[in-house]
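Contents: one structure, followed by commentary.
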Amino acid sequence: MAARIMIAFAARRCLSALPTLLIVITLAFFMMRLAPGGPFDQERALPPEIERNVLAAYNLDQPLWRQYLDYLADLTRGDFGPSFKYRDFTVAELIANGFPASLQIGGLAMLCAIVFGVGLGTVAALHQNSPLDYTVMTFAMTGIAVPNFVMAPLLTLLFGVYLSLLPVAGWGDGAWANKLLPVIALALPQVAYIARLTRGSMIEVLNSNYIRTARAKGLREGLVVTRHAVKGALLPVVSYLGPATAAVATGSVVIETIFDIPGTGRYFVEGALNRDYPLVMGVVVFYAAMIIALNLAVDLLYGLMDPKLRRP
Amino acid sequence: MDELLSVADLETRFRTPEGEVAAVAGVSFAIDPGESLGVVGESGSGKSQVFLSIMGLLAKNGRCSGQVRFRGEDILGLPAARLNALRGSRMSMIFQDPMTSLNPYLTVSRQLTEVVVEHLGLSRDQARARALEALERVGLPDPAARIDLYPHAFSGGMRQRVMIAMAILCQPELLIADEPTTALDVTIQAQILDLMRVLKRESNTATVIITHDLGVVAGLCDQVMVMYAGRLVETGSVREIFYQPRHPYTRGLLRAMPRLDDIQDGLLDTIPGQPPNLQALPPGCAYQERCPQVYPRCRSERPELRILGPRRGVACHLELGP
């Protein structure tokens, strides 16, 4: 019974995601075209007849609304089109090419964010207003305040250049040493935010009546926290996981470029600079769909955790 | 018989941004095994804080001093790890608000069984059988079908029954009920009070009922303590408190009780004014501003609790003259 409600809910959410996707595609499409320049502009202008031929080859000579509708039609067939810059590859191939690296960096960053964020937040809450609490919260404030494009070069400078412990950039075929700094730079703001969130909700839960009941029952403090407090305290964190994945996805665009990681995010930046319209659009659509799907997964997880939403 | 619980000179203070407040001061009393004590007072009189102090459940900014002996062992201010051997097994507590006092994220069965698993070391199956038995005892309809549900599937009265079942699982020697019926409908209140009465008759558990409802006390208790502004103002047997009240506050409370046989003018007596601010208590008696029989002496000298008998005391200058 509950499972059927879940499936119905998921189906409804998938349907309602379509208009969202359409809006994202439309905005991205026209913003991209508003940017000055085009995919085939070079230092020296092409002879007019050659330029005409090139534009015609990619249907760029059509009116904009026509191109937009064509693009939508292609998308419904699952065709992201060819890349203008990497002429031998389709956009789908480039995304498939870059995604494993992006997924590893992003997934590890999310994992760090959850593990360290929840851990630090809980420790701070259990030692509320102690020096330990203030240390964690100062760290968290710094993590939130310093943007990742500042944090990443600072980390590189410290660990890569001064201490020479880790490579300053590059992928190194996915070696651990190469992943460490990008993952830290990407995770740090999320660790900080989740730590603050966890601390706040944990303090609230620890002061609630049902925790007093658990203590009155003579349960060990460890059990009071792990069995009675954690579940309620984590609900706000779970609802933040959707926005967190979005933040990590956008952050990865910057981080992959800084650390020269061959991921989807770097293709996006290069695509934007080269006015490689189909590549940029492809990455936008792909990320938008992924974030929508992850938000749906988070909502389902929330439903599993809160017994009130599970009512048959 | 030996005293089960004896409290001497208990004082509970809270640090607040506006300074320290003594929520409880100079409270002494004792409870015999199997005895039933009613603690009466209005909101903020410190009646709950006395027992939260004893249970080691004060809010973080609370500190208490004095002496509390449970079966002769000094337990006040023991670290939680040592108190846990007593809490939930030999002394347990029921709280005012059953809607928020159960954990919404755990099944009722989990919340009940963990008590006996922790204290008596029973296996999961034994614990479950014991929990079902307790739910049966507190009159929860169809416990086998309900035990695996979450609290939100229960009504307020059913949740309070679950709370009571949880408190009696280990057959405690002392059961403290902090306003167990305040948050419930009148008909459910009567059912819960009946249940408390049955449990009291069937076991040798000493009970403390904290309440502002003198009617509850009359039906359930042997002894009564009346508290005002953190102090005891009168103690005595139910009979003495109801028929020979000696403190003007106790008399005021009794007059303020609605009575079915009072058909004179249909107006309910009230005690004028409000309880004093604990942070700015006047010198002398805390009740002076509301007392109809105040003496000049009451404004300068705080009346100590005068012992009038083995379980009888009053803190008032009235009978001593101005």
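Note on naming: letters A, B, ... go to the chains in the order of the sequence lines (proteins, then strands), and numbering restarts at 1 for each one.
Put simply, the side chain of N103(B) does not reach to within 4.5 Å of the side chain of R227(A), judged on heavy atoms. Inter-residue side-chain proximity for M99(B) and N209(A) is flagged as unmet; no heavy-atom pair is nearer than 4.5 Å.
Between the CD1 atom in I211(A) and the CG atom in L57(B) there is a gap of 12.0 Å [rounded to 0.5 Å]. With rounding to the nearest 0.5 angstrom, the CG atom of N207(A) is 6.5 Å from the NZ atom of K60(B).
The local environment of CZ in R212(A) is crowded, with over 12 non-hydrogen atoms from other residues, nucleotides or ligands closer than 6.0 Å. Residue E204(A) places its CD atom among 12 or fewer non-hydrogen atoms of other residues, nucleotides or ligands, all under 6.0 Å distant. No more than 12 heavy atoms of other residues, nucleotides or ligands lie within 6.0 Å of CZ in F116(A), so this atom counts as exposed by the packing criterion. For Y193(A), the OH atom counts as loosely surrounded, since its 6.0 Å shell holds 12 or fewer non-hydrogen atoms of other residues, nucleotides or ligands.
Of the listed residues E114(B), R110(B), H119(B), the one with more heavy-atom pairs under 4.5 angstrom with chain A than any other is E114(B). Top candidate by heavy-atom pairs under 4.5 Å with chain A, chosen from I176(B), L52(B), T107(B), T100(B), is T100(B).
When all heavy atoms of Y105(B) and M305(A) are compared, the closest pair comes out as CD2-O, 4.0 Å. Nearest approach of V115(B) to K217(A), heavy atoms of both residues: CG2-CD, 3.1 Å.
Put simply, the side chain of N84(B) gets close to the backbone of L219(A): a donor and an acceptor are under 3.5 Å apart. Counting only distance, with no hydrogens or angles, the side chain of T213(A) and the backbone of S101(B) share a donor-acceptor pair below 3.5 Å.
Within the 4.5 angstrom heavy-atom criterion, no atom of L83(B) approaches chain A.
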